[in-house]
Amino acid sequence: MATAFQELSLVPTMSVALNLFLPRPAVRFAVLVARRRLEREAKTLLAEYGITEIDPAAPVADLPLGQRQRLEIVRAMFRRPRLLLLDEPTAALSDRDWLFALIARVLAEGTSVLYISHKLDEIRRLCSRCIILRNGSKVLDRAVADMSDDEIFRNMAGRSAVERFLATPSSVRMEVPPAMRAANLIGEGVDDISFSLQPGEILGVAGLEGHGQSRLFKSLVGLQPLRSGRIEVSGTQRALRSPRAARAAGIILVPEERKSEGIFKDLTTIANISLPAIERASPGYLLSRRRERMLVRRVTAEVDLPEQYLPLGVTALSGGNQQKAVLGRALMAGARCLLLFDPTRGVDVGAKQSIYRVMRDFVEGGGAILFYSTELDELVHLCDRCLVLYRNRVVGDVHRAALTQEQILSLAAGHDPGATRTTLVKA
Amino acid sequence: MKKRGFKRLLQRLIFGAASLGAAAAMALSVPAEAAPYKVFLDLSYSGNVWQTEAANGIKALAETPPYDKEVTFKTVISGTDVQHQISDLQSMIAAGANAILFYPVSGTGLNRVIEQGCRRHVLMVAYDSSVTAPCAYNVNSLGGRYGANSAQWMVNQMGGKGELVINHGVAGTALTNLMDRQALDVFHKYPGIRIVAQFYGNWNDALSQEGISRILAAHPNIDAIWTVDGTWGSFQAVMQHRPSRLVVIAGQSNNGYRLAIGDPALQEKGLKGLSASFGPADGPYAFKVMMEILTGELKPTEHNIAYPLPWVPYDKVKLCTGLSFVNGCNVFPPGKVPPLFIDTALNGELLPELNLTAVENGTPVPGATIQKLPPVQYSDNLPGVNCEECKAPSDWLQPNRVTPIPAPK
Amino acid sequence: MRIAERLRRLQISAGAAVAVLLYVLMYLVYAANESGVLSQFGITNLLNDTVVLAVAAAGLTLTVLTAEFDLSGIGVIAIANVVVATTSAGPAGWLVSLFGVLAIGAAVGLLNGWLVGVLRMQSLAVTIGTMIACEGVALLILAAPGGQVADSIANGLTGDLLGLPVAALIILGVLLLWFLLAVTRLGIALYAVGTDETAARLSGLAVRRTKLLAFVLAGMAYGLAGYMLSAQTGSGDPRASDGFLLFMYASVAIGGTSLMGGRGGVFGSVIGAGILTVMQKMLFALGAASFYTDVFSGLIMLVAILIGTLPRVMPRLRRSVA
Amino acid sequence: MAPRVTAATTEPSSEGQSTPPIHRRINPELVPGLMVLVCAIVLIAASKLMNPGAGFTQELAAVLGTSIFLVVASFGQGLTILLGGIDLSIGVVIGIAAMMISVLTDGRDATLPWAVPVTLAVGAAIGVVNGVGIALAKVPPFIMTLASGITFYGAGLGFTSGLAQEPVAPALERLMNGHWFGVPIPIFLIIAFVIAATVFQNGTSVGRKLYAIGSSPGAARVLGLPIGGLTVLAYTLSGLCAAIAGLFLAGYSSAATLDMGGPLLLPTIAAVVIGGASVMGGRGIYLGTFAGALFLSALETIITVLSLSQGLRDIIEGAIIVGALLAQGERWNWFRR
């Protein structure tokens, strides 16, 4: 049996080759790990799986998330296990066809695959049989062909997913100054990016893995320095040099790495949520638990987080509920402009629905959202507008009416003739 | 030339890093090369009263005429780590020392480096504690048999019976081991003496005070406490928990303690104290011995030289009015020095060059000049403590200053 | 580039490289200010002074790499010292006591490793406990300084062999063993476990066994350090290693090993031990006043660490410029 | 198998969740502290059994009275460990504070009103130096505090040559050695300090932020918590607590030496960790540390009273520390599950 985990299990400081062959890398003279041989073998192996851009000697930490996900998958596959367990393998993967072809190959070789996913189309495309789990118990076990989409969604959440999400009319307010306007931002991994975000708008950001989206989001809240450019918030120019300054300006980031940057793992859920408003909950520095509960209750209702989870340690919660807590905290911080970086990654369908609804409510209340997602259908269905990044630049700004997955993909892959030219000039 | 510039660069680097202009200026003093003798003092440890007073006394002597002209004197602090002290002693030998006075961290661990020094004709003198290397001189009060004498004195005061607490020094040191053996040998002769508790106060007053406090809670009726150091702390604990009924006690010579045992009001409450343990003055005394050997005035026949054991029982306490011990006075009035000040840093007869200011600040007494020492006394040989292959006197466990009361048969 | 790559493979970090520079610098200053430094005698002395700390710090590094604390080292050194002083007499005494101290070190390491690696207790507190207990054992074996270390050890290990100081050979031997270890599966596992324990476990590495082995090997190194200390002092002293612990940690840190685990290596720690030793000599040679030696030691330690962290920060800066 | 799935199974189901099971009602943070407190009481009772002559209350008073220095100093240590750091300069600061107070007061009570604040300020200032080095220069705490400890010890030695030449103010001595209503004053001080410290750590917004930073520095950064400032604050408080412990110690011993804080350093760390804190930060409460300090003091008492040789004492002490961790560790895991 081999497993490719959703939370990656690669050791960041070690080379690609070593990671591939852990835990028992080949040795020579009985004890010495044969690094050079491993690297050679890794190169051949990766090529076999259609990966040529990864240097086997490079430390994993230097690779973007998508490539790490590929490594994780290759590592699980090349040992030819009898059972292959893939847990949300496409969460950080932009090129799904690569994975699907590989799965077809191992299936042909007689391997059984257990494929965990929240994406219906993947299930339909790959799986013959499907088990649905909800709250830790099995609720359905049937051949995929016999099930309708509705049935699957109903069983997963009792609600339907984003395709079924009621597309509410846009609530963009054009008459007021933009909630956030970025002009010619330049920094590491951010190459001359400009955009404007109106109150009531959900502005999507699309891009294949490693095309600058992560750095853009970090730059906007001051986690990463910008070399030049201007940011205006509600019409006035602000220097957002730190997340603190961004918070003061009402800009809150919901970060990519929930485990290390989102939750406070040793704190209870309520303490996780109340943190930005902890001063309000503690008159004269003394913490009032009653006041804290009151403040938190207001937002837990908004993000659909059941109240009985509040006193529990946050790590006892599912990924979806953790993400709701993080969102709740963002609301608690008084966000007027939310930067959501792939907020539905590793989140169950029910929680996804809640997150979509929170987003909708938020913009209807006059907030603005900058929204990156690896799931194109989310972008297509939720955004008023979508920026497409390619090589750290904006190569497309597609309006809701024209927004399709194909459109995004072709822009993101650099197929737009205009974009190609500019990148060529740069190269 | 190149090296010079390099050195200057690095020095500047250190200066820059230190950014303690004043401290740095004080620290990098260049020794003058005029004096004929290059003498080093290697302290093992510093930061407590005993070591500081000994070091200050030595430093003051080194600046007292005529030594101020005769020696280039330098102090190094090696800490409690044997390896460190070995390394520092090596440095001193390599730096061309004529003589090294040192407080040995270990009685045996330094032997190899000591022999290295002797081979290069460096005069090696250990003070207070001792080394077994045969070529080094030891100057201390071991011959005073503190363990046997103080224990016997206490037994006599107690009338041969009562509950006793033993405050050992630092476990694993030769001195503690030796003193314990002598004291226990005496105590065990008297079946009426019951040792109800023993602990290791590490020669530290705060730890001793805590220890006695704990013991008093468990054994509220103790009659006596035997200590080597940590005496003031032990006494404080008794004053704190049982001020109406005090104890028979023997130990170090802290000023506060001496004042207390000499206080008739406290004596009425049962306090009978002896202030006798090894004095910091054995350091300055050793320095004078070393200088006399170096200048050829003294040619000792043996290597274990005795510094007379200070001995002040409660009826011999006498208040000083000035800054030095004259006319047999041996304690300073309260407020003049802190209670932890160890009076035996001074010695009116053997070290008339020193006074209170000298041992407090390490400055020479104005107008004082070095006086020649009276003939030196030699100490007991104790195998494994101050010599390797030697024979201890047959009576080394017996008291030689106090007459024992008859032990019950 | 090739050299840099090779160094990286031997786990010689940029921090360690800086430490080497610092060492050379201090050594030059020391040599410029004191005669006889470059003589056979001077070199042998310096190496003898370094070897105990170097071996002990080498052992400590293994546990630090797995992101655990190990304060038990001074306890093991104390036991080893008194054991050598009480058992090394006789013709084969040197060998018996060598295996004896290695076995004792391994046993203490096994206990630590079991409590920390297998029972998952906090290493900081556990090793405080075992350190105190080990010091107690040392005091039981030898209540006061004494005993006799066989001349074969005392003279053999502090002198020269084939024209080279034995201390140098020991240090080279430890480094060689380390470079071998670094490229074995165990060595790789040490780094993996220290970098990311969860990922290491999910990758199929035996985290518990790795930690256990790290502690055992560390214990054996402490045993060897105690053996070397005995050779130097020629006798037993249950308190000989007092005050050694902070120097061990300082050596590891100055050598560029991260106390968070997963980064650094034994080579750096050995250099760190060398720096601390030569720093003491250099300050002596420069004539720093005794009371302020500590001030300089502390500051130099800080400067060494600060310089050591620069290479880790530099690439990030450079990347952000490019 | 996959983390997410296991997480989902441990989560209580959304329906029919009324009262949590009993072990959820005890604050899991309290458990290690309670366990250790029980161990401490067992130790005191055991020493009573061995010495039937002694009174339980005297034993308790002795344990409490001698624990005050550890109780105070380990609070600061606990704050730095809460942030995932450590403070190895505590012993030195205690010594420096003790020296300063006796030098500044010169045996007179009249000088106390300014001498105490100055001494405390110096302790806090050393903490600030540590904090700034750690927060701004990014020196690892272990090294920063180790190096600053060595440096300041050297400076202290240079200025004072290791011995305070003035006696301690009598008022300070009375504070540490006196009684109120037949109860030693230090016990009142301990109670006041424990209340203040607990309120600070677990009942204020600042305390909560310290937990957050220790728990996840990454998330704290994204959220924009003032990490640098609070790190400096934690080390400053650690220096301050060490200085208070130094004042108390000087008063208790009615004298001061520079090295008097040294024996307290390791026990502060042990008290914090035995009390259930994690050295990785983010976990542990002061009541646990307090219990740990009492436990160590009780252990010291019983070992002193046993009158064993130092070797045996050390072995027993080490074994009991490990044993206490062992007992506490298993419970801890059980409750967290």
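Letters A, B, ... are given to chains in the order of the sequence lines, protein chains preceding strands, and every chain is numbered from 1.
- Closest non-hydrogen pair, B:A174 versus C:P145, comes out as N-CD, 3.3 Å.
- Of all the listed residues (B:G96, B:S106, B:G107, B:S78), the one sharing the greatest number of non-hydrogen pairs under 4.5 Å with chain C is B:S106.
- Here the options are B:V82, B:T108, B:L110, the test is side chain to side chain contact (heavy atoms under 4.5 Å, CB included), and the partner is C:T233; only B:V82 passes.
- Residue B:D81 touches chain C through both its backbone and its side chain, counting heavy-atom pairs closer than 4.5 Å.
- Residue C:A231 touches chain B through its backbone alone, counting heavy-atom pairs closer than 4.5 Å.
- Only the side chain of C:D237 comes within contact range of chain B, with heavy atoms under 4.5 Å apart.
- Using a 4.5 Å cut-off on side-chain heavy atoms (C-beta onward), B:R112 and C:Q232 make no contact.
- Contact count versus chain B (heavy atoms, under 4.5 Å) is highest, among C:S230, C:S39, C:A240, C:A143, for C:A143.
- Using modelled atom types, no side-chain atom of C:Q280 and backbone atom of B:S87 make a donor-acceptor pair closer than 3.5 Å.
- Taking the side chain as every heavy atom from C-beta outward, B:Q83 and C:F247 never approach each other to under 4.5 Å.
- For a residue to count as touching a neighbouring chain, one of its non-hydrogen atoms must lie under 4.5 Å from one of that chain's; by this rule C:A154 touches chain B with backbone and side chain alike.
- How far CZ of C:F284 is from CD of B:Q90: 11.0 Å, rounded to the nearest 0.5 Å.
- To the nearest 0.5 Å, atom CD of residue C:Q148 and atom CD of residue B:E388 are 6.5 Å apart.
- When heavy atoms are compared at a cutoff of 4.5 Å, B:Q116 approaches chain C solely by way of its side chain, counted from C-beta outward.
- Contacts between C:N81 and chain B at a heavy-atom distance below 4.5 Å are absent for every atom of the residue.
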